[in-house]
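All remarks here apply to the structure that follows.
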Amino acid sequence: MLKQTSTKIKLLLFPIIFMVIAVVTGTFYAYYSGISEMSNEKAHKTDVFTEHVLKGRISVYQYLRSPSEQTAQKVRDDFSLLSKEVLELKNELDSDKDKILCDEIIANSKKYIEHFDSFASQRMTDFKNGQKEESPEIKEMISKMVQVGAVLEKELHDINLHMVELKNSAKSFLNNLLITIAILAILFFVGFSFLISNLIINSLKNFKEGLLSFFSYLNLESSEIKYLDDSAGDEFGEMAKAVNQNIEKTKKGIE
């Protein structure tokens, strides 16, 4: 096929192939870079979840120091925000295991608030009655909150760890993909360059050998004449046809 293609088109194929390789590489990079960026965002979100839990527990300590409806609402808001953002992350996940973990985090966040509401109600009653010391009942409620909080932190750590693994995996895959595409593109470009170069060189070689054979016949150095190979469809083939026509005329004239 390339043998029947003009030399101009053959040479134009180099920039065309280069542009095609650049477009394909850019497309792959943009697609997988987007996936990698999404993994980075998910990992960042799980970092923020841990911050919400820490803020929520700090709000609990503030409530212990100054029990009021305002400080109690701050605790509820912190954990409600955590549940809301975990639910948003769940809708972006593909793994069923991670989705189940998100459901467990939301459930434990709600459980923590339930324990806190019971604790806050009792604490406010004791505080209004002038009892500032924590009763055994209050301590038991706090213990339950601590246990749920510990489970919640572990679950957040697990999902954060998995999101970081996905982020690193996506980044590694992107790097490997770019290296693979670069190697394949170089091999293809070099191979195509050799193919075009050989076609042009062979055409020049055949043209040269045909002319030398004709000159040898004209100089009576040879009694036999060889026609040029005019099977190619490029400029060399057209020149060979023109030369062959003149060789035929010259041969008849000499004879």
Side-chain angles (χ1 to χ4, degrees), residues 32-171:
Y32 287 103
S33 178
I35 294 176
S36 179
E37 185 62 29
M38 287 176 61
S39 299
N40 286 335
E41 291 177 2
K42 291 174 184 177
H44 177 68
K45 284 182 180 179
T46 55
D47 287 334
V48 174
F49 295 163
T50 304
E51 292 177 7
H52 287 327
V53 172
L54 291 175
K55 288 180 180 178
R57 301 188 79 170
I58 290 172
S59 297
V60 172
Y61 294 135
Q62 290 175 341
Y63 176 81
L64 290 172
R65 294 182 60 186
S66 177
S68 66
E69 184 57 35
Q70 183 179 358
T71 53
Q73 189 58 44
K74 179 66 170 60
V75 176
R76 298 187 189 100
D77 291 342
D78 289 337
F79 281 90
S80 294
L81 181 60
L82 171 65
S83 297
K84 178 184 175 183
E85 293 188 354
V86 172
L87 182 60
E88 290 176 356
L89 175 66
K90 177 189 172 183
N91 296 329
E92 299 174 5
L93 298 176
D94 298 321
S95 171
D96 291 336
K97 183 179 178 180
D98 289 333
K99 289 182 178 180
I100 292 173
L101 188 55
C102 285
D103 288 335
E104 291 175 355
I105 291 171
I106 294 171
N108 281 315
S109 177
K110 291 179 179 178
K111 187 184 293 185
Y112 189 91
I113 290 300
E114 289 173 2
H115 289 315
F116 173 76
D117 284 337
S118 300
F119 156 75
S121 176
Q122 184 64 40
R123 183 60 178 160
M124 287 291 290
T125 300
D126 292 345
F127 198 77
K128 287 178 182 179
N129 293 333
Q131 184 178 343
K132 296 184 178 180
E133 294 293 330
E134 296 175 355
S135 64
E137 186 179 1
I138 289 292
K139 290 181 179 179
E140 183 180 353
M141 293 178 180
I142 293 175
S143 176
K144 290 180 180 180
M145 290 171 57
V146 170
Q147 291 174 6
V148 175
V151 173
L152 190 58
E153 287 182 356
K154 183 182 182 304
E155 290 171 343
L156 289 172
H157 173 74
D158 291 342
I159 197 169
N160 175 256
L161 190 63
H162 191 209
M163 292 300 106
V164 170
E165 289 175 355
L166 290 177
K167 178 188 72 173
N168 293 335
S169 177
K171 185 177 179 180

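What you are looking at is a predicted structure, and each value in this text was computed from that prediction instead of being measured. Positions are given from 1, in the same order as the sequence printed here.
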Practice task
Look up atom NE2 in His162 and atom OG1 in Thr46, then write down how far apart they are to the nearest 0.5 Å.
Solution key: 11.0 Å
Fill in the blank from the handout: Correct closest heavy-atom pair for Asn108 and Val148 would be O-CG1, 3.3 Å
Practice task
Give a yes or no answer on whether the side chain of Ser59 reaches the backbone of Lys55 with a donor-acceptor pair at less than 3.5 Å.
Solution key: yes
Handout entry: Distance-only donor-acceptor check, side chains Asp77 and Gln73, under 3.5 Å
Key = yes
Problem - Ile105 to Leu152 - nearest heavy-atom pair and separation - result: O-CD1, 3.4 Å
Exercise for the section: Could you tell me whether Lys45 and Glu88 make a salt bridge, using a distance below 4.0 angstrom between a side-chain N and a carboxylate O? Expected result: no
Fill in the blank from the handout: d(Ser109 OG, Glu155 CD) to nearest 0.5 Å is 10.5 Å
Practice task
Indicate the atoms forming the closest heavy-atom contact of Ile113 with Val75, along with that distance.
Solution key: CD1-O, 3.9 Å
Handout entry: Rounded distance (nearest 0.5 Å) linking atom OG of Ser80 with atom CD1 of Ile106
Key = 11.5 Å
Fill in the blank from the handout: d(Lys167 NZ, Glu41 CD) to nearest 0.5 Å is 12.0 Å
Exercise for the section: May I ask you to decide whether Asp78 forms a salt bridge with Lys74, counting only side-chain N to carboxylate O separations under 4.0 Å? Expected result: yes
Practice task
Flag the pair Glu69 and Arg76 as a salt bridge only when some basic side-chain nitrogen lies within less than 4.0 angstrom of an acidic carboxylate oxygen.
Solution key: yes
